Asker: 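Please read through the structure below; I'll follow up with questions.
Whatever order the structure lists ligands and atoms in, that order sets their numbers, starting from 1. Fair warning: this is a prediction, and the values are worked out from it, not measured in the lab. Here, residue 1 is the first one in the sequence, and each next residue gets the next number.
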Amino acid sequence: MTAADGGTGPKAAPRVLFVYYSYTGQTAKVLDGAAEAFRQRGCEVHTAAIEFVDAKYAEPFTRFPMRKVWPDMFSVLPAQNRGQTGEIRTPDAVRDGNYDLVCLGSPTWWDTVSMPLRSFLTSAEAAPLLDGTPYAVFVVCRRKWRRNLEAVRELADKNGGRFADSIHFGYPGGELPSLLSLASYLGSGEYRDRYLGLKLPPTNISDAQVGQARTFAAKLADRLFGKRDATSV
Ligand SMILES: Cc1cc2nc3c(=O)[nH]c(=O)nc-3n(C[C@H](O)[C@H](O)[C@H](O)COP(=O)(O)O)c2cc1C
């Protein structure tokens with residue numbers, strides 16, 4: 001039983017779980033902001049970072065910066081296009097009882113949900129977690145958020161999840177400049193002004209976007225759990 005179904009009394013803290021994959025920490029950064037807002041509203045927040053351990057596909061994502069940025073990025077393109085899944089590991093939090101809200105943190109890989117999160121949402125662990133449970137989606141990408149969100153919603157709905165809300169975050173710049181800026185960062189681990197002779201826009205999640213995640217989470221908590229703060233628990 002959870003706070004939402006009244007099983008532990010009106011003052012029980014709503015339980016919120018964040019399930020996500022994050023290679024360079026951008027998705028984790030946005031979710032940290034949201035987690036803080038949920039905690040300030042008296043929620044009990046749990047996190048479950050998915051580990052990508054697939055023998056065929058995970059190797060380029062086991063280190064940062066990437067060794068060879070373009071081949072490493074393209075290594076998952078055909079598999080992403082096929083909607084393939086791979087081996088992952090999840091922490092006990094995904095198996096530890098019921099939650100009042102599940103937040104899915106979803107970076108875009110090749111215009112759709114990343115293989116690690118897709119693998120979780122198609123695993124046997126997803127339905128017990130999501131069935132009848134409200135879920136929210138946090139999409140983090142350079143530009144392409146829509147098909148990622150659609151894929152996550154389809155998979156989460158199939159597991160019986162009840163869509164509550166979504167938010168997406170992108171990086172500045174047009175298609176080519178933002179791609180070069182991200183590739184420069186992924187390949188060097190540094191923020192550079194120029195790459196291949198071109199001026200680069202900033203890449204990755206900004207402090208302002210973390211603030212947007214906080215505001216989004218605060219509104220969602222108020223809507224789902226009623227107005228409360230950390231002292232209501
Ligand atoms: C293999 C790979 C493919 C990507 N493909 C896309 C894409 O098609 N569209 C896009 O907007 N961003 C794309 N990105 C950028 C990521 O969405 C962005 O770097 C992500 O938000 C990083 O989040 P993370 O650090 O939490 O993993 C790609 C990144 C990687 C590593």
Side-chain angles (χ1 to χ4, degrees), residues 18-35 47-54 56-86 88-91 103-121 136-152 166-192 195 200-210 212-213 216-217:
F18 287 86
V19 184
Y20 65 97
Y21 173 76
S22 191
Y23 168 47
T24 72
Q26 306 312 306
T27 305
K29 196 170 168 184
V30 152
L31 296 182
D32 279 350
T47 54
I50 297 168
E51 246 186 288
F52 190 32
V53 294
D54 189 78
K56 185 165 179 194
Y57 293 108
E59 199 270 343
F61 304 95
T62 56
R63 71 178 87 82
F64 179 80
M66 286 176 158
R67 192 168 285 161
K68 291 184 179 162
V69 65
W70 295 109
D72 283 353
M73 279 186 79
F74 277 95
S75 65
V76 288
L77 172 61
Q80 284 292 111
N81 283 342
R82 290 193 296 270
Q84 209 168 312
T85 57
I88 54 167
R89 263 190 233 123
T90 51
C103 295
L104 300 167
S106 184
T108 298
W109 280 8
W110 298 114
D111 203 12
T112 188
V113 53
S114 67
M115 196 189 297
L117 187 64
R118 181 187 293 279
S119 303
F120 172 73
L121 290 172
V137 188
F138 292 70
V139 170
V140 182
C141 62
R142 186 170 57 75
R143 284 168 67 86
K144 306 228 167 155
W145 59 271
R146 199 179 299 272
R147 289 191 54 219
N148 179 355
L149 174 62
E150 282 167 4
V152 172
S166 71
I167 185 166
H168 59 271
F169 301 92
Y171 308 157
E175 183 58 36
L176 185 63
S178 72
L179 175 62
L180 293 179
S181 185
L182 179 71
S184 162
Y185 174 74
L186 293 178
S188 70
E190 287 166 14
Y191 294 109
R192 296 191 293 210
Y195 182 56
L200 297 179
T203 192
N204 287 339
I205 290 295
S206 65
D207 291 346
Q209 288 174 316
V210 176
Q212 286 163 19
F216 170 82

Asker: Among all protein heavy atoms, pick out the one at the shortest distance from atom 25 (O) of ligand 1; state its residue, atom name and that distance to 0.1 Å.
Answerer: Thr24 OG1, 2.5 Å

Asker: Is there a donor-acceptor pair under 3.5 Å between the side chain of Trp109 and the backbone N or O of Met73?
Answerer: no

Asker: Which heavy atom of Gln212 sits nearest to which heavy atom of Ile167, and what is that distance?
Answerer: O-CD1, 4.0 Å

Asker: Could you tell me, atom by atom, which parts of ligand 1 come under 4.0 Å of a heavy atom of Lys144?
Answerer: 9 (N), 10 (C), 11 (O)

Asker: Where the closest heavy atom to atom 20 (C) of ligand 1 is concerned, which of Tyr171, Trp109, Trp145, Tyr20 has it?
Answerer: Tyr171

Asker: Mind checking whether Val76 has an N or O less than 3.5 Å away from an N or O of ligand 1?
Answerer: no

Asker: Is the closest side-chain donor-acceptor distance between Asn148 and Ser106 under 3.5 Å?
Answerer: yes

Asker: From atom 24 (P) of ligand 1, work out which of Tyr21, Tyr23, Tyr185, Phe169 has a heavy atom at the shortest distance.
Answerer: Tyr23

Asker: Name the option, out of Asp111, Thr112, Leu186, that contains the heavy atom nearest to atom 8 (O) of ligand 1.
Answerer: Asp111

Asker: Pick one of side chain, backbone, both or neither for how Leu182 approaches ligand 1, counting any non-hydrogen atom pair under 4.0 Å.
Answerer: side chain

Asker: Can you tell me which residue among Trp145, Tyr21, Phe169, Phe216 is in a ring pair (Phe, Tyr, Trp, His ring centres under 6.0 Å) with Phe138?
Answerer: Phe216

Asker: Run down the list Met66, Arg142, Lys29 and name the one with the heavy atom closest to atom 10 (C) of ligand 1.
Answerer: Arg142

Asker: Who's the nearest protein heavy-atom neighbour of atom 5 (N) of ligand 1, and how far?
Answerer: Trp110 N, 2.8 Å

Asker: List ligand 1 atoms under 4.0 Å from Val140, heavy atoms only on the residue side.
Answerer: 17 (O), 20 (C), 21 (O)

Asker: With distance as the sole test, does Thr108 use its side chain to make a donor-acceptor pair with the main-chain N or O of Asp111 at under 3.5 Å?
Answerer: no

Asker: Against heavy atoms of Thr27, which atoms of ligand 1 measure under 4.0 Å?
Answerer: 23 (O), 24 (P), 26 (O)

Asker: Among Thr85, Val113, Ile88, whose side chain to side chain contact (heavy atoms under 4.5 Å, CB included) with Phe120 holds?
Answerer: Ile88

Asker: Find all atoms of ligand 1 within a distance of less than 4.0 Å from any non-hydrogen atom belonging to Cys141, and give their numbers and elements.
Answerer: 11 (O), 17 (O), 21 (O)

Asker: How close does the nearest protein non-hydrogen atom get to atom 13 (C) of ligand 1, and which residue and atom is it?
Answerer: Thr108 O, 3.4 Å

Asker: Please name the residue in the list Phe64, Tyr195, Tyr171 that meets the ring pair (Phe, Tyr, Trp, His ring centres under 6.0 Å) test with Tyr185.
Answerer: Phe64

Asker: Which ligand 1 atoms does Arg143 reach within 4.0 Å, using its non-hydrogen atoms?
Answerer: 10 (C), 11 (O)

Asker: Determine whether the side chains of Thr112 and Arg118 contain a donor N or O and an acceptor N or O closer than 3.5 Å.
Answerer: yes

Asker: Side chain of Ser181, backbone of Pro177: donor and acceptor closer than 3.5 Å?
Answerer: no

